Amino acid sequence: MKIIDLRSDTVTLPTPAMREAMYSAEVGDDVYGEDPTVNRLEELGAELLGKEKALFVTSGTQGNLLALMVHCQRGDEVILETESHIFLYEVGGISAIAGLVPKCVPGKRGIMQPEDVAGSIRADNIHFPKTSLLCLENTHNRAGGSVANVQQMEGLGAIARAHGISIHLDGARLFNASVALSLPAAQLVASCDSVSLCLSKGLGAPVGSLLVGGRDFIGKARKVRKMLGGGMRQAGIIAAAGVVALKTMVERLRFDHGHARYLAEGLLDCGFHLDLAQVETNIVIASTAPLGLSATEVVMRLAGVGVNINALDNNRVRFVTHLNVDRADISEVLSRLHALGRSWRATGSSQ
Ligand SMILES: *Cc1c(COP(=O)(O)O)cnc(C)c1O
């Protein structure tokens with residue numbers, strides 16, 4: 001039985017073109033700034049996002065941590081959305097390593113309201129920490145791949161600028177947002193001082209992220225990256241796959257979005273609850289409540305028929321479409337679900 005893995009877009013495997021590029025990559029010592037392939041990847045990333053410079057980092061987590069450490073002083077406060085990746089899933093590095101205080105603001109589907117952000121910025125008072133950074137996330141992972149549009153990004157940008165605080169975008173899936181909006185990524189991030197983006201998710205590269213921003217900011221981030229042990233030597237071997245990712249894999253994210261939509265429609269037929277309007281990119285979050293089963297039970301039953309997904313909480317599961325899943329795979333998932341559904345309708349509703 002073919003295993004169909006919809007746990008995350010991080011499970012994507014490098015393409016033959018990526019392996020080819022890795023094999024023949026020209027390399028040098030990147031700590032000396034002498035790896036031509038890393039330099040090319042960084043130039044390409046900066047250009048695509050309309051910023052001065054970029055830095056190749058080991059992971060999205062490292063990119064976000066560097067941004068926190070460069071934008072802020074220890075003891076400062078950072079405004080984040082309550083369900084943001086930086087707050088929930090980065091092992092508390094914001095406090096444990098960067099020494100910062102997170103101030104969580106709940107958003108609507110991951111998008112904070114400008115007035116809530118404005119109301120969370122600290123006044124100048126001897127008792128208060130200084131608010132020095134606003135972090136955004138687009139697309140928003142935990143909110144199911146929701147997209148913030150240019151107006152929303154700029155509205156939040158205006159608030160930050162008015163108060164003299166910087167904006168960092170956790171753009172792990174930035175290109176999913178730009179493709180969904182049919183808008184150049186640079187336009188979407190125009191109001192951000194820095195952006196991190198993942199090469200290793202839907203873009204298919206095996207390792208790595210980029211942190212992008214101004215010349216001075218990236219210069220400082222390069223030094224902090226070295227301090228955190230992220231100075232890699234002949235990193236061109238992995239950066240080569242990143243170049244292929246940025247050059248050839250962005251537009252195809254559209255297919256992942258189409259597959260997510262097709263999957264979501266099928267899940268409705270199988271008795272899950274979800275709002276189709278909320279399936280904007282490559283993530284589908286569905287409630288298992290109408291099936292009379294907990295999320296963990298559904299995850300286990302699906303694993304039993306070779307479909308891997310994650311539970312989001314007690315009664316919601318998450319499906320993520322990506323490069324290594326095509327439309328036929330989604331049809332296969334739905335037919336396995338229909339077969340299962342016949343059995344859980346027989347047993348589930350009585351539980
Ligand atoms: C995946 C992800 C990251 C970073 O992930 P790494 O596994 O550290 O590369 C950051 N933010 C969001 C929103 C993500 O989805």
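Counting starts at 1 for both ligands and their atoms, following the listed order. Quick caveat, the model's predicted, so the values are computed rather than measured.
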Trainee: Among all protein heavy atoms, pick the one closest to atom 7 (O) of ligand 1 and tell me residue, atom and distance.
Mentor: Thr61 OG1, 4.5 Å

Trainee: Using a 6.0 Å cut-off, check whether atom CZ of Arg19 has over 12 heavy atoms from anything other than its own residue.
Mentor: no

Trainee: With a 4.0 Å cut-off on N to O distance, would you call Glu332 and Arg327 a salt bridge?
Mentor: no

Trainee: What part of Gln62, side chain from CB on, backbone N/CA/C/O, both or neither, has a heavy atom under 4.0 Å from ligand 1?
Mentor: neither

Trainee: What I want to find out is whether Lys53 reaches Glu42 closely enough, with some N-O distance under 4.0 Å, to be called a salt bridge.
Mentor: no

Trainee: Using a strict cut-off of less than 4.0 Å between a Lys/Arg side-chain nitrogen and an Asp/Glu carboxylate oxygen, indicate whether Arg225 and Asp30 qualify as a salt bridge.
Mentor: yes

Trainee: At a 4.0 Å threshold, what atoms of ligand 1 neighbour a non-hydrogen atom of Glu90?
Mentor: 10 (C), 11 (N)

Trainee: Is the closest basic N to carboxylate O distance between Asp9 and Arg173 below 4.0 Å?
Mentor: yes

Trainee: Please state which protein non-hydrogen atom is closest to atom 14 (C) of ligand 1 and give its distance, to 0.1 Å?
Mentor: Lys201 NZ, 2.7 Å

Trainee: Suppose I only count heavy atoms of Ser59 and a 4.0 Å limit; which atoms of ligand 1 are within that range?
Mentor: 8 (O), 9 (O)

Trainee: Show which atoms of ligand 1 fall inside a sub-4.0 Å distance from at least one heavy-atom site of Asn64.
Mentor: 10 (C)

Trainee: Could you tell me whether Asp329 and Lys2 have a side-chain N and a carboxylate O separated by less than 4.0 Å?
Mentor: yes

Trainee: Would one find an N or O of Glu137, backbone or side chain, under 3.5 Å from an N or O of ligand 1?
Mentor: no

Trainee: Would you call the rings of Phe217 and His71 parallel, tilted or perpendicular, where under 30° means parallel and over 60° means perpendicular?
Mentor: parallel

Trainee: Measure the distance from atom 11 (N) of ligand 1 to every protein heavy atom, then report the residue, atom name and distance (to 0.1 Å) of the closest one.
Mentor: Asp170 OD2, 2.6 Å

Trainee: Under 3.5 Å, N or O to N or O, is Ser200 touching ligand 1 that way?
Mentor: no

Trainee: Tell me whether Gly60 has any N or O atom under 3.5 angstrom from an N or O of ligand 1.
Mentor: yes

Trainee: Would you mind listing which atoms of ligand 1 come within a distance below 4.0 Å of any non-hydrogen atom of Ala172?
Mentor: 2 (C), 3 (C), 10 (C), 11 (N), 12 (C), 13 (C), 14 (C), 15 (O)

Trainee: Checking the N or O distance criterion of under 3.5 Å, is ligand 1 in contact with Ser209?
Mentor: no

Trainee: Let's go through Arg109 and Glu280 carefully: what are the C-alpha distance in whole Å and the side-chain angles of both, what is the deciding distance for salt bridge (charged side-chain N to carboxylate O under 4.0 Å, His left out) to 0.1 Å, and is it a yes or a no?
Mentor: CA-CA 11 Å; Arg109 304 203 58 237; Glu280 298 176 70; 2.7 Å; yes

